[in-house]
Amino acid sequence: METNEKPVIAVVDDDELMREAHYETFIDDYEVKTFASGPEILEALGSGVVFNAVIMDIKMAKMDGLKTASEIQKSDGDLPIIFCTGYPGDYSERDIDSALKPFEYMIKTERPVKLQRAVRNAVAMNLLKKGKGDLVKIARDNYKMIGRSRAMVKIYETIEKIAQTEAKVMVLGPTGTGKELVARAIHRQSNRVDKRLVIFNCNHKSPDLVESELFGHIKGAFTGAIADRIGSFEYADGGTLFLDEVGDLDITTQAKILRVLESGEFSRIGSNDVINTDVRLICATNCDLQAMISKGKFRQDLYYRLKQIVINLPPLSERTEDIPELVHYFIERLHIEKGYPYKVFESRALDLLCQHSWPGNVRDLFNAVEGMVSLTSSSLVTAEDVAGILEGDDTGSQYIDMHGLSLAERIRKYEASLIGQTLAQTNYNISAASRMLKTDRNNLRKKIKSLGIEIEP
């Protein structure tokens, strides 16, 4: 498919009005082909027509959607099918998912934005499998990973390369950078996508509880064990197990995990029966595991077992060029998921966000954006609104007391502080400071003069 061509979607519905409604909804972004029955789309596929996604009714006269989907999958198992039915009570979503594994199952009365999102994600996934996808767009639409900085594109490329292997992956990065999103992306692209992704957080739990939750226990194994319990390794059999904050595991539990990696075997607490499991392990931590090894707090043999592939997620402060796109994505997400009205951030407001240190990284930015969107009465989020949120955050690199100041005074004071700090960081090199602030050198000189900032010798 050439880059100037639109993806092609099929609409299969015996209701003419519904076909027309779907056509009008999607024609701006896709080439839309409509079919009144299952046999019609099967004939099109048989003649060589290629689609990137299918929206299909279930209850149709000539051939229902379930039979049609089964026939489609015989010729193209990678073609994502979105069922959109007006009779949800007539079908078991669980049975349909088990038998056909559709990309999505929706009800016609649901909000159009949910169907639009499903189609967008289905098309992106199909293009990726065909090797024609835009990695940045796919990461955004399918995995909620936002950014087109060099560091993030490198991560997307790594995920694409290693997802369908069985390599164990270690995801490193500060809290709030999105380590779980990486695990979800790898699982979604892996050969284990039809099996479970089990997520287990290793921190803030006693070693005994962690061991029980990972390996399970039998009734009576300890006080409070009133019934048998399946652990995460058993529950994830055939799929992927993501161990978040793996650096918090105690040495005893580390040894048991090493045994699973070496033999695929473990036993529930209180039992001598050996259980076999086949899981792909993805781990994440913000700890320095090598330093922990030197202190005897982490097993070196387990460390080398876990780090076949290492993905380093950078802090947000090292990819500030992604902040405007993150902000726009968060606004869309807040609108869809929580019903917030759409807001627009003026350019100076975005500039302030880009200059903040964001010690809590992407999670920190999301919380701030939600606060700004919910607190501002106007549809425009201004630099004053941003400064009003950030002034209460003294964890960043700058804290400015703006109590009682007017809008103009707040902005002037913030600009003076920001430019002063940038000049200090660049040893008062105006050219270097202008590059960091992404502004023209002459304009920066004028601003320095108007704000009365002294240039140190």
Test item: Arg305 side-chain N/O and Leu258 main-chain N/O as donor-acceptor pair under 3.5 Å: no

Show which side-chain atoms of residues 24-34 pair as donor or acceptor with protein atoms under 3.5 Å away, not counting sequence neighbours.
from, atom 1, to, atom 2, distance (Å)
Thr25, OG1, Ala21, O, 2.9
Glu31, OE2, Lys33, NZ, 3.1

Test: Glu166 and Arg192 ion pair at under 4.0 Å: yes

Hey, can you pull the donor-acceptor pairs under 3.5 Å for the side chains in residues 306-319, sequence neighbours left out?
from, atom 1, to, atom 2, distance (Å)
Gln308, OE1, Lys168, N, 2.7
Arg319, NH1, Ile146, O, 3.1
Arg319, NH1, Asp322, OD2, 2.9

Sub-4.5 Å side-chain heavy-atom contact between Ile230 and Arg268: yes

Of all pairs that satisfy salt bridge (charged side-chain N to carboxylate O under 4.0 Å, His left out), the ones with a partner from residues 367-381, not counting sequence neighbours: Lys338-Glu370

Donor-acceptor under 3.5 Å (His335 side chain, Tyr340 main chain): yes

Neighbour count >12 (heavy atoms, 6.0 Å) for atom CD, Glu16: no

Salt bridge (charged side-chain N to carboxylate O under 4.0 Å, His left out) contacts touching residues 170-180 (sequence neighbours left out): Glu180-Arg184

Asp13 and Lys108 ion-paired at < 4.0 Å: yes

Inter-residue atom distance Lys447.NZ - Ser434.OG, 0.5 Å rounding: 14.5 Å

Donor on one side chain, acceptor on other, Arg441 and Ser431, under 3.5 Å: yes

Ring pair (Phe, Tyr, Trp, His ring centres under 6.0 Å) partners of Phe330, counting only residues at least two apart: Phe366

Glu43 atom CD, over 12 foreign heavy atoms within 6.0 Å: no

Please list, one pair per line, the donor and acceptor atoms closer than 3.5 Å that link side chains of residues 66-88 to other protein atoms, with sequence neighbours excluded.
from, atom 1, to, atom 2, distance (Å)
Lys67, NZ, Glu71, OE2, 3.3
Thr68, OG1, Asp64, O, 2.9
Glu71, OE2, Lys74, NZ, 3.1
Gln73, NE2, Leu100, O, 2.7
Ser75, OG, Ile72, O, 3.0
Asp76, OD1, Asp78, N, 3.2
Asp76, OD1, Leu79, N, 3.4
Thr85, OG1, Tyr87, N, 3.0

His356 side chain vs Leu352 backbone, donor-acceptor pair below 3.5 Å: no

Validation row: Tyr105, Ile58 side chains within 4.5 angstrom (heavy atoms): yes

